[in-house]
Amino acid sequence: MKNNDTISKTLIVAVSLCLFCSAVISFTAVNLKDIQEANVRLDQQKKILASANLLDDEKSIEELFLNIESKIIDLRTGKYDTSIDLSSFKESDFARDENTSIILSSEQDIATIKRRENYQKVYLHYKDDAISAVILPVRGYGLWGTLYGFLALEADLKTIVGLEFYQHKETPGLGGEVDNPRWKALWKGKKISSETGEILISVIKGSVNKDSPDAIYQVDGLSGATITGNGVSNLLNFWLSDLGYGPYINEMLTKRSSSDV
Amino acid sequence: MSKAKEVLLNPIFNDNPIALQILGICSALAITGSLYPTLIMCVALTVVVSFSSLLVSLIRKHVPNNIRIIVQMTIIATLVMLVDELLQAFDYETSRTLSVFVGLIITNCIVMGRAEAFAMQNGPWLSFVDGLGNGLGYSVILIFLAVIKELLGAGTLLGFEILPLVQNGGWYVGNNFLLLAPSSFFIIGLLIWALRAWKPEQVEVPQYTIAKNSLNSEERVI
């Protein structure tokens, strides 16, 4: 048998194998990219619908999504912004760009997201021509990585319909239980803030005492996942504060009260 | 029995990678909670192990000895990434359920073991069949686990209700423990017991036996 152990043979085999394998992988990755992205988009739409409890087995996601309108808002003013094209909006690009985001100081950055984009895409669900749910994208750091999700609020913008994460790196079985339907069901009907507008929603350690006056703002912690729970509390508190959707929520509420008059 | 047939069928019961060699336990524990993802995982592993054996065997005469493990790993990793890409494109839901476990096929000892122990010494066809056989051996155990876990844990099979659960107005109280990963230890343990009772030649010779207490030790205590 030939001697394979010479340096030149080793290099030739290693290099050609690497080239061949990377060519195969790149070829597949490039060719499948469109289908994969379509899947991710569909999954995102599904999560948006799920956060507002709108999933229906009999209807397709596309069909259900027809009742949802997406709009870009300016997080600084809380007003809708029509100058940005909806399809070109990408949260991660805007958050990275210096011109479209702000740096958060360490006291501000309770959700550990470093930069906050100035624009966000929100989703409005209409039922009989009236807004029935407002779905807000949220994100923040848990234990191992950033959790990305959607918070759905009722039209009063105080009551939670649901919270759904579409991407996270939490430990399966512990922090990963943020995906557990039983835990997610606990969010329904909770209030985000007191009458005076103070944000009180939090994930507590242990179970909620039902008799406590604060029970309406509290959700049971996940056992073995205190840090993930704190992360979820922090990210909600950040995104509901004045740095997050606070101005938008105020804007919506004033608009409603003026139209009532 | 022809050599190919023997190579194909032996790993299923006589030389099962999970039950006899105790390899590839990680994914057997983690993803067997429901049957459908398990089936996809079995197909993925079988494809990877058979084609990696085939490819390793094809180039085995040109692989320098000191980089052979890396060469095998590269081939296995490429195949795993291919499978992962395909899953993400054509079965996104399952790919999310299996999450890291598809990627972890790279480190599944069955794949590496077959490449190093069989494909480096045998021809491409036989290596392919050997990979296929080991993939099937792995699949038999995983499907067995998943059927028990999903049926007795959640009362369903492939998502269809077989045993109506009490929560849904039926009579069956689901065993939640079976839906968790540790239950696989018990099921695999019982399975190995059953298999070795059926085929006693699989029982290993004990490495040592505990010596009987000598009379002296009793006296010494006193």
Side-chain angles (χ1 to χ4, degrees), chain A residues 1-47 50 57 61 144-145 165-174 176-177 179-182 185 224, chain B residues 26-27 29-31 33 37 51-52 55-56 58-101 103-104 106 120-121 154 159 167 176-177 179-183:
Chain A
M1 207 165 124
K2 303 183 297 291
N3 181 14
N4 283 332
D5 286 330
T6 59
I7 292 177
S8 57
K9 178 85 188 232
T10 307
L11 283 174
I12 291 168
V13 171
V15 169
S16 45
L17 183 76
C18 289
L19 283 177
F20 175 75
C21 288
S22 41
V24 171
I25 292 292
S26 323
F27 180 78
T28 0
V30 169
N31 276 293
L32 294 175
K33 201 171 170 221
D34 289 343
I35 313 178
Q36 289 171 349
E37 280 179 354
N39 282 335
V40 173
R41 223 171 12 250
L42 201 67
D43 187 63
Q44 190 123 334
Q45 293 187 339
K46 194 173 166 188
K47 288 287 153 74
D57 285 341
I61 308 270
W144 302 117
F165 291 103
Y166 61 91
Q167 195 189 322
H168 66 75
K169 298 192 177 81
E170 302 310 293
T171 325
L174 298 172
E177 291 293 292
D179 288 336
N180 187 322
R182 252 182 294 174
Chain B
C26 169
S27 51
L29 296 177
I31 50 113
F51 282 95
S52 71
L55 292 172
V56 167
L58 276 175
I59 60 164
R60 69 186 190 283
K61 290 190 177 133
H62 298 282
V63 177
N65 205 32
N66 43 12
I67 59 163
R68 68 178 200 285
I69 302 281
I70 300 273
V71 167
Q72 292 161 14
M73 283 306 274
T74 313
I75 291 174
I76 295 166
T78 308
L79 284 164
V80 170
M81 281 158 80
L82 267 182
V83 168
D84 198 20
E85 291 282 336
L86 288 169
L87 264 184
Q88 279 180 29
F90 299 111
D91 195 350
Y92 188 69
E93 290 273 297
T94 316
S95 125
R96 302 262 327 214
T97 317
L98 294 174
S99 64
V100 294
F101 292 100
L104 284 179
I106 298 173
M120 287 300 283
Q121 278 90 42
Q167 294 97 293
N176 283 337
F177 173 64
L179 294 176
L180 303 174
S183 66

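Just so it is clear: chains get the letters A, B, ... in the order the sequence lines come, proteins before strands, and each one is counted from 1.
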Which of A/I12, A/I35, A/T6 touches chain B most, by non-hydrogen pairs under 4.5 Å: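 The option with the most such pairs is A/I35.
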
Chain B shares the most heavy-atom pairs under 4.5 Å, among A/T28, A/L32, A/V24, with A/L32

Minimum-distance pair of heavy atoms, taken over all atoms of B/M81 and A/I25: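 Heavy atoms only, the tightest pair is CB-CD1, 3.4 Å.
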
More than 12 heavy atoms of other residues, nucleotides or ligands under 6.0 Å from [atom1] of [X]: yes or no?
X      : atom1 : result
B/E93  : CD    : no
A/K47  : NZ    : yes
A/L19  : CG    : yes
A/Y166 : OH    : yes

From B/I59 CD1 over to A/F20 CZ, what is the distance, rounded to the nearest 0.5 angstrom?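 Here the interatomic distance stands at 9.5 Å.
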
As an exercise, state the distance from SG of A/C21 to CD1 of B/I76, rounded to the nearest 0.5 Å. 11.0 Å

Checking A/F27 against chain B: side chain, backbone, both or neither under 4.5 Å from a heavy atom? neither

Does any pair with a residue in residues 29-41 of chain A pass side-chain hydrogen bond (donor to acceptor under 3.5 Å, both in side chains), and if so which ones, sequence neighbours excluded?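 As it turns out, the side-chain hydrogen bond (donor to acceptor under 3.5 Å, both in side chains) pairs with a partner in residues 29-41 of chain A, which skip direct neighbours, are A/Q36-B/E85.
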
side-chain hydrogen bond (donor to acceptor under 3.5 Å, both in side chains) pairs touching residues 69-81 of chain B, sequence neighbours excluded, are B/Q72-B/E116

Part of [X] within contact of chain A (heavy atom distance under 4.5 Å):
X      : value
B/L86  : both
B/I67  : side chain
B/V100 : neither

Do the side chain of B/N65 and the main chain of A/D5 share a donor and acceptor less than 3.5 angstrom apart? no

Does B/K61 reach the side chain of A/N4, with side-chain heavy atoms less than 4.5 Å apart?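 Side chain of B/K61 against side chain of A/N4, heavy atoms only: no contact under 4.5 Å found.
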
